[in-house]
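Heads up: the structure comes next, in structure tokens.
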Amino acid sequence: MESLPEAVLIRILASIPAVDLVLACRLVCCQWKNLVDGAALWILKCQQEGLTRADSDAENWQNFYFLSKKRKNLIKNPCGEEDLEHWGEVENGGDGWKVEELPGDFGKEFPSEEVHKYFVTSYEWCRKAQVIDLRAEGYWEELMDTTQPKIMVRDWYAGRRDAGCLYELCVRLLSDNEDVLAEFKSETITIPQENDGSWTEISHTFSSYGPGVRFVRFEHGGQDTLFWKGWYGVRVTNSSVTVEP
């Protein structure tokens, strides 16, 4: 192995699972450590697995690879397919939360055919939240503190055409001790009674948030503005939190 040209050795190492490269191969010798820590090996692995990026910041190719492989929606049960499972700190004002099938009464279909259900609020404030443990999801402390990858938050909301409603979103990045290190809080969005029932996306990207982020707390909710008994409040679905490469 010592006599192999570096380019050939990189191709051999690129066939090894990424976790083994970091945890085992880089400990073999100084040459292997330098290759695993360098850009060429990870550029090749990205090419082999169809992972592309817009820029060519060579210093971050290893992190780009791992973040791309891990990229997924960290919100569980975002569309109500499991009723209120995985949602905590639930506030059930009025008649509480309910899950309905799209498009619902006086509603519109969702822009994506993959979404079939939504959560709907009642005549007093309804709120629900999820707390995402980033370490449990595989985002290690050094990565979060040093690289500080972007954290993208999205939510979708809509009213029904015959009722006005209110909507709010609040997302916080928390430390180990649950100190708030960064926060995005929407205004209270008012949907008038005479609306077209269309779905609207709201999004925010956290970046350069500093070291110490270990949890993401996602909370949203709303109510109707007519105080009608039942479920005439804001509808929400397809919520997402992703750590971006």
Side-chain angles (χ1 to χ4, degrees), residues 1-76 78 86 130-154 171-184 203-218 239-245:
M1 295 290 283
E2 293 179 358
S3 62
L4 287 176
E6 188 172 280
V8 175
L9 183 54
I10 286 175
R11 289 196 169 276
I12 294 172
L13 291 174
S15 65
I16 297 173
V19 174
D20 293 333
L21 286 173
V22 174
L23 297 182
C25 293
R26 73 187 299 273
L27 304 179
V28 171
C29 63
C30 289
Q31 183 190 21
W32 284 32
K33 179 181 183 299
N34 291 336
L35 291 178
V36 173
D37 290 345
L41 172 59
W42 298 100
I43 291 173
L44 180 57
K45 284 190 74 67
C46 287
Q47 291 173 345
Q48 290 175 340
E49 300 182 35
L51 305 176
T52 59
R53 61 186 300 173
D55 59 78
S56 57
D57 185 355
E59 292 182 357
N60 294 315
W61 278 97
Q62 184 182 134
N63 284 341
F64 172 78
Y65 176 87
F66 278 106
L67 288 169
S68 297
K69 297 293 285 186
K70 287 180 176 295
R71 190 177 186 276
K72 65 176 182 178
N73 185 4
L74 300 178
I75 292 286
K76 297 178 174 62
H86 304 296
Q130 278 193 40
V131 177
I132 298 163
D133 184 336
L134 293 170
R135 282 174 300 198
E137 296 292 344
Y139 299 99
W140 58 98
E141 295 181 0
E142 182 183 358
L143 175 73
M144 298 307 301
D145 292 348
T146 304
T147 303
Q148 295 177 33
K150 293 180 180 179
I151 299 174
M152 173 69 79
V153 177
R154 293 185 177 92
V171 184
R172 293 171 173 167
L173 306 186
L174 306 176
S175 70
D176 253 333
N177 298 323
E178 299 187 0
D179 298 321
V180 179
L181 302 180
E183 178 182 75
F184 168 74
S203 65
H204 178 74
T205 301
F206 291 97
S207 61
S208 302
Y209 39 76
V213 172
R214 301 293 179 263
F215 301 94
V216 180
R217 185 182 185 277
F218 180 104
S239 310
S240 67
V241 173
T242 55
V243 180
E244 298 292 320

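FYI, the numbering just counts along the sequence from 1. Just so it is clear, the values below take in all heavy atoms, side chains as well, and ignore hydrogens, waters and symmetry mates.
Side-chain contact check for V153 versus T205: every heavy-atom pair is 4.5 Å or farther apart. Using a 4.5 Å heavy-atom cutoff, the side chains of F218 and R172 are not in contact. Within the 4.5 Å cutoff, the side chain of D133 has no heavy atoms near those of the V216 side chain. A heavy-atom distance below 4.5 Å is found between the side chains of F215 and D176. Contact of the V213 side chain with the S175 side chain is not registered, since no non-hydrogen atoms from C-beta on lie closer than 4.5 Å. Side-chain atoms of D179 and L174, non-hydrogen and from C-beta on, never get closer than 4.5 Å to each other. L173 is not listed as a side-chain neighbour of E183, based on a closest heavy-atom distance of 4.5 Å or more. In this structure the side chain of N73 reaches within 4.5 angstrom of the side chain of P78, judged on heavy atoms.
Formation of a donor-acceptor pair under 3.5 Å by the E49 side chain with backbone atoms of C46 is not found in this model. Judged by distance alone, with hydrogens and angles left aside, the side-chain atoms of D37 form no donor-acceptor pair with the main-chain N or O of R26 at under 3.5 Å. Remark: the backbone N or O of V36 is paired with a side-chain donor or acceptor of Q62 at under 3.5 angstrom. Here the side chain of K45 pairs no donor or acceptor atom with the backbone of P17 at under 3.5 angstrom.
The minimum heavy-atom distance between L181 and P211, with the atom names listed, is CD1-O, 3.8 Å. Contact detail for A40 and I10: the closest heavy-atom pair is CB-CD1, 3.8 Å. Of all heavy-atom pairs between M144 and Y209, the closest is CE-OH, 3.3 Å. For the residue pair S207 and K150, the shortest heavy atom distance occurs at CB-CG, 4.0 Å. Taking every heavy atom of both residues into account, I75 and S239 meet most closely at CB-O, 3.9 Å. Considering every non-hydrogen atom in both S203 and R154, the closest pair reads CB-CG, 3.9 Å.
The aromatic rings of H204 and F184 lie parallel to each other, their planes meeting at an angle below 30°, with 60° marking the opposite boundary.
Applying salt bridge (Lys or Arg N to Asp or Glu O under 4.0 Å) to E137 and the options K76, K70, R214 leaves one that passes, K76. Put simply, the residue from L27, L9, L41 that forms a side chain to side chain contact (heavy atoms under 4.5 Å, CB included) with W32 is L9.
Checked against a 6.0 Å centroid threshold, the rings of W42 and F66 count as neighbours.
Rounding to the nearest 0.5 angstrom, the gap separating the CG atom in L44 from the CG atom in L13 is 10.0 Å. Summarising the geometry, atom CZ belonging to F206 is positioned 7.0 Å from atom CD1 belonging to I151; distances are rounded to the nearest 0.5 Å. Distance check: L35 CG to K33 NZ gives 11.0 Å after rounding to the nearest 0.5 Å. How far CD1 of I43 is from CZ of F64: 10.5 Å, rounded to the nearest 0.5 Å. Between atom CD1 of residue I132 and atom NE2 of residue H86 there is a gap of 12.0 Å, rounded to the nearest 0.5 Å. Note that OG1 of T146 is 9.0 Å distant from CG of N63, once rounded to the nearest 0.5 Å.
Around the CZ atom of R11, the shell of radius 6.0 Å holds no more than 12 heavy atoms that belong to other residues, nucleotides or ligands. Summarising the local packing, CD of E178 is surrounded by 12 or fewer heavy atoms from other residues, nucleotides or ligands at distances under 6.0 Å.
For E244 and T242, the side-chain atoms include at least one donor-acceptor pair closer than 3.5 Å.
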